[in-house]
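Structure first, then comments.
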There are 4 protein chains.
Amino acid sequence: MQKRDREATRTRLLEAARLRFAREGYDATSVRDIARDSGVDATLIFRYFGSKKQLFDQATATAHSPDLLEGPQEELVARMVATIVDHDWTEYGGEHPLVAMLRSSAHEDARQRIRQEVCDTYVIALRDLAKGQDAELRAELLSAWMVGIGILRSVVATPALAEARAADLAPHIASVATDLLGRPMSGTVDQSRSEGESDQT
Amino acid sequence: MQKRDREATRTRLLEAARLRFAREGYDATSVRDIARDSGVDATLIFRYFGSKKQLFDQATATAHSPDLLEGPQEELVARMVATIVDHDWTEYGGEHPLVAMLRSSAHEDARQRIRQEVCDTYVIALRDLAKGQDAELRAELLSAWMVGIGILRSVVATPALAEARAADLAPHIASVATDLLGRPMSGTVDQSRSEGESDQT
Amino acid sequence: MQKRDREATRTRLLEAARLRFAREGYDATSVRDIARDSGVDATLIFRYFGSKKQLFDQATATAHSPDLLEGPQEELVARMVATIVDHDWTEYGGEHPLVAMLRSSAHEDARQRIRQEVCDTYVIALRDLAKGQDAELRAELLSAWMVGIGILRSVVATPALAEARAADLAPHIASVATDLLGRPMSGTVDQSRSEGESDQT
Amino acid sequence: MQKRDREATRTRLLEAARLRFAREGYDATSVRDIARDSGVDATLIFRYFGSKKQLFDQATATAHSPDLLEGPQEELVARMVATIVDHDWTEYGGEHPLVAMLRSSAHEDARQRIRQEVCDTYVIALRDLAKGQDAELRAELLSAWMVGIGILRSVVATPALAEARAADLAPHIASVATDLLGRPMSGTVDQSRSEGESDQT
DNA sequence: GATGAATGAGTATTCATTCAT
DNA sequence: CATGAATGAATACTCATTCAT
C-alpha cells in the first residue's frame, strides 16, 4: 500500500519477483502473484518493466553475490563454498541464485544467464588458478562440485549437507581443491576477512 | 488386441510425457502437447492417469537407470560418472533424468522424487563405502559432485565437460573419490562389464 | 444453449461474427461479444477458428452475393444496383458487405479483401463490357458509383437514396452506364430472371 | 508564452489525433499513441479535451476542405473531383477525410459527422443545381459517385483511378454530371481559380 | 469404452482514465 | 498547473478438466 513512489514500487516488485521466480520458476510464477506480493497493481509491472520476461531478466540479472576474487588466492574455493553454504540467500528464497535459476532452465534465456554466471564466477576464476595439463577441465570439475553442493543442500536437502556449515566441510574442500587445482588450497577463509563476506546487498 | 492397443497408448503417452517434462519442465508442458506428441486425444490422459500431475508422477517415477550396485565396489563412482557422462539419455531429451527433473523442482512432488533418487542411488550407496568419521557428509559431497557434473555438462554446457567422455575424467574421478571415501577407488569401469551399461532404449 | 453440435455451433459463431464485424468493425468487436451473441463459450472460437483474425477471415470471406454474371450483359449494371439496393443484407446488419468491410479497413488484410472483391465482382466484369479507349478507367468509375451508392444508402442514409428501390434509379442507371461503357445498357433487370436475384444463401 | 505553449500543444494533439484516427480508425487508435506522436503526456488529452471521444470529435469536426461553392456553378462537380483526386490530404494520412472517417463509422458520432459532411458539402450544393423532377435523388446519386471515387482511389486503390489526375477524368465527369443534373456541366476547373484550391496545409 | 464438444478459471498484456503530489 | 503513479476493467488467448453422446 505504499504510494506514489516509483523507485520504492520498482524495488518491491523486483524483490517479490526475485523470490517468486526463485521459488517457483518462471512458468509457475504469474505477474499477478508478484503484484499481489508487492501490494501493487499488476499493470505497473508492464509500465516499469515492459513484460514478464524483462522483469525476470532484471530481477535475476543483478548478481547479489559478494566478490569472490577479493582475498587470497588459496582461499578462493573456500570463499565459494562459504558463499553457497553460509550465506542464507533469503532474497532468493533460501537457495543460491544459481540453483534457483535452474528451475527456469527450460527457457533458453535463463539457461544462458546460468551459463554466464557459472563461467564468469566459477570456471574462469578457477582456471586461472589451475596448474598443469587439462586446467579447463579440472576448473569445470571443481565448479561442478560447487554447483552440486548448492543443489544437494537446498533442493535435495540431504541430511548432512543441509545442516553443515562451511567449517564442517573445510578439510574436504581443502584436499579436493588442492588435488584438482594442483596447488595448495585452504579450506577456510581467514577470519579477518570473513566478516565482509556475508553481508549481502 | 484391444488390450494391446490400450497398453501401447499408455506407453506412448508415458514416453511423450517423459520427454516433454524433461525438456520443458512441468509447467511449460501442457497435456495437449503430450497428447499431440503421442497422436492421441488429450482426454485419454485423464482416463488413463487421472490428472496431469499423476501422469507426471508415473512418467518420472520409473527411474530407467542401470543398476549401479552391480559390479565391483571400487568402480562404483566410475559407474556413476559413466551413467552421467557416457549415457545419452535420449528418452529424457539428452539430459540425465535427475538434471531434467530439477526443472520441475518448484513442485514438492518433483522435489521429493529428486530427493529420493539422489539418496537411494547415490548417497546411500556411497555412504556404505565410506570409511571413517563423517561418512554421511563425505558421501553427500561426492553425490553433489556427480549431480554437479551432470548439470554443468548438459544445462550449463561448459566447454570441456560438455565434450568430455568418462575416460577423460577417470584420473580426477579416481583421486577425488579415493580422497573422499577414504579407500582406493578406480576411475574407470572394467571393460568386461561395461557392455551392460548402455544397452537400453 | 444448443449443445454438442459442432457444425451448428460453428455456423452460429460465423453468423454472429459476420453481424458484429459488419456493424462495429474488427477492432470494436470482441470475441466475447461474438460468443455471447452465439450463446456459446468464447474458447470455442479458438478451438474452431484459431484466432479472432481467422474467424474474421472466414466470416467475411464467403461472399454471399448472387452471381452477377448470370444474365444478359446489358442488364449487368442493373443487377449490380439491385444487389446493392434491393437486397436487404440482414446477415451483414443491413449493409452491403463491401460497405461493412470498410469499417475494418484500417487492417491491411481487410483492405486486401475489399480490393479483391471490388476488382473481381465489379471492375473486371465491367471492363469486359466497356468499349473504346480508357476502358479500365471507365469501368472503375462505374464501380466507384456502385460502391458510393451503397455507402450513401446505408452508412450516410441520405433521404432519397435510403428509401429508393432499384426501379426508382433505373433511368439514371441506364443513362450513366450507357454513357460510361459506351454501349447501350438497361436500367432494370428482366422480370423473368429477377426472382432468382433476391434469395440470398 | 505559457498561453502559446498550451495552444501549441492542443494543436499538436489535434493534428496527431486527426492523422491517427484517419489512418487507423477510432478503435485502433489509443490516446497514448496520440500523446506519443505529439511528444506530450497522455493525461494532457484529458485535461484539454475531456475524453478520447471528445478529442475525436474536435479533431474530425474541423472540415479542412476548400469552399466548393466559390466559383462558377458549372464547375462545381469538377471542383469536387479535384478536391478528391488532386488534393493530397497529408493531414489525414493521404485520404479524403470522408473516406478516412468511414473507418470509424461503427460509432454513431462519426456516422453523424459523415452524414452531415456529405449532405452539406455535396448533396445540398448539387440539389440546388439539379433541374427537374427527382432532383434530390439525382443529387444524391452524383454525391455517391464522388464518395465512391474517393474510396476506390485510396482504400481500394484500383489501378487506373489510383493514378488518375482530375484532368484524366474530366470528360467522363462532364458527361455524367451533365446527364444527372440536367444542365451543362464542365469537367475541368478554370485555371485562373484553381490556384486557391491547393494552398492549405 | 472412446470421442470431442464444452467449460470456467487462468494467462500476459493494454486500455482509458483518475488522483496524488 | 502539470507530471506521472496508480487503477481496474477489458483484451485475445490457453489451460486442465468434465460430461454428453
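Sequence lines set the chain letters: A, B, ... in the order given, protein chains first and strands last, and positions in each chain run from 1. Both backbone and side-chain heavy atoms feed into the values below; hydrogens, waters and symmetry mates do not. Source: prediction; values computed, not measured.
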As a test of reading the structure: which of E:dA2, E:dA12, F:dG8 is closest to the side chain of A:D41, going by heavy atoms?
F:dG8
Winner on side-chain proximity to A:L44, out of F:dT3, F:dT7, E:dT18, is F:dT7
Starting at atom [atom1] of [X], determine the distance to atom [atom2] of [N], rounded to an integer number of angstrom.
X     : N      : atom1 : atom2 : result
B:R20 : F:dA16 : CZ    : P     : 11 Å
B:R10 : E:dA2  : CZ    : C1'   : 17 Å
A:Q54 : E:dT14 : CD    : P     : 10 Å
D:F46 : F:dA6  : CZ    : C1'   : 14 Å
D:R47 : E:dT17 : CZ    : P     : 16 Å
B:K52 : E:dA9  : NZ    : P     : 19 Å
D:Y26 : E:dA16 : OH    : C1'   : 9 Å
A:I45 : F:dA6  : CD1   : P     : 12 Å

Start with the C-alpha distance between D:F49 and D:L14, add both sets of side-chain angles, then the distance that settles side-chain contact (heavy atoms from CB on, under 4.5 Å), and finish with yes or no.
CA-CA 10 Å; D:F49 303 97; D:L14 281 172; 3.9 Å; yes
Is a side-chain donor or acceptor of [X] paired with a backbone partner of [Y] at a separation under 3.5 angstrom?
X      : Y      : value
B:H107 : B:D109 : no
B:R20  : B:I34  : no
A:R103 : B:R103 : no
D:R18  : D:A59  : yes

Specify the residue among A:Y48 and B:D27 whose closest nucleotide of DNA chain F lies further upstream toward the 5′ end.
A:Y48
When you match C:S51 and A:R6 each to their closest nucleotide on DNA chain F, which lands nearer the 5' end?
A:R6
Distance-minimising heavy-atom pair for D:S104 and D:A110
O-CB, 3.3 Å
Residues A:A35 and A:D41: closest non-hydrogen pair is CB-C, 4.1 Å
Ring-face cation of A:K52 near A:Y26 (centre distance under 6.0 Å, axis angle within 45°):
yes
Using the side-chain hydrogen bond (donor to acceptor under 3.5 Å, both in side chains) criterion, which residues pair with D:Q112? Sequence neighbours excluded.
none
Along DNA chain E (nearest heavy atom to each residue), the more 5'-positioned of C:T43 and A:K53
C:T43
Please list, by residue number, the residues of residues 28-38 of chain B whose heavy atoms come closer than 4.0 Å to an atom of DNA chain F; answer none if no residue qualifies.
B:T29, B:S30, B:V31, B:R32
Any stems for DNA chain E, made of 3 or more Watson-Crick or G-U pairs in a row, each with both distances under 3.5 Å?
E:2-21 with F:2-21
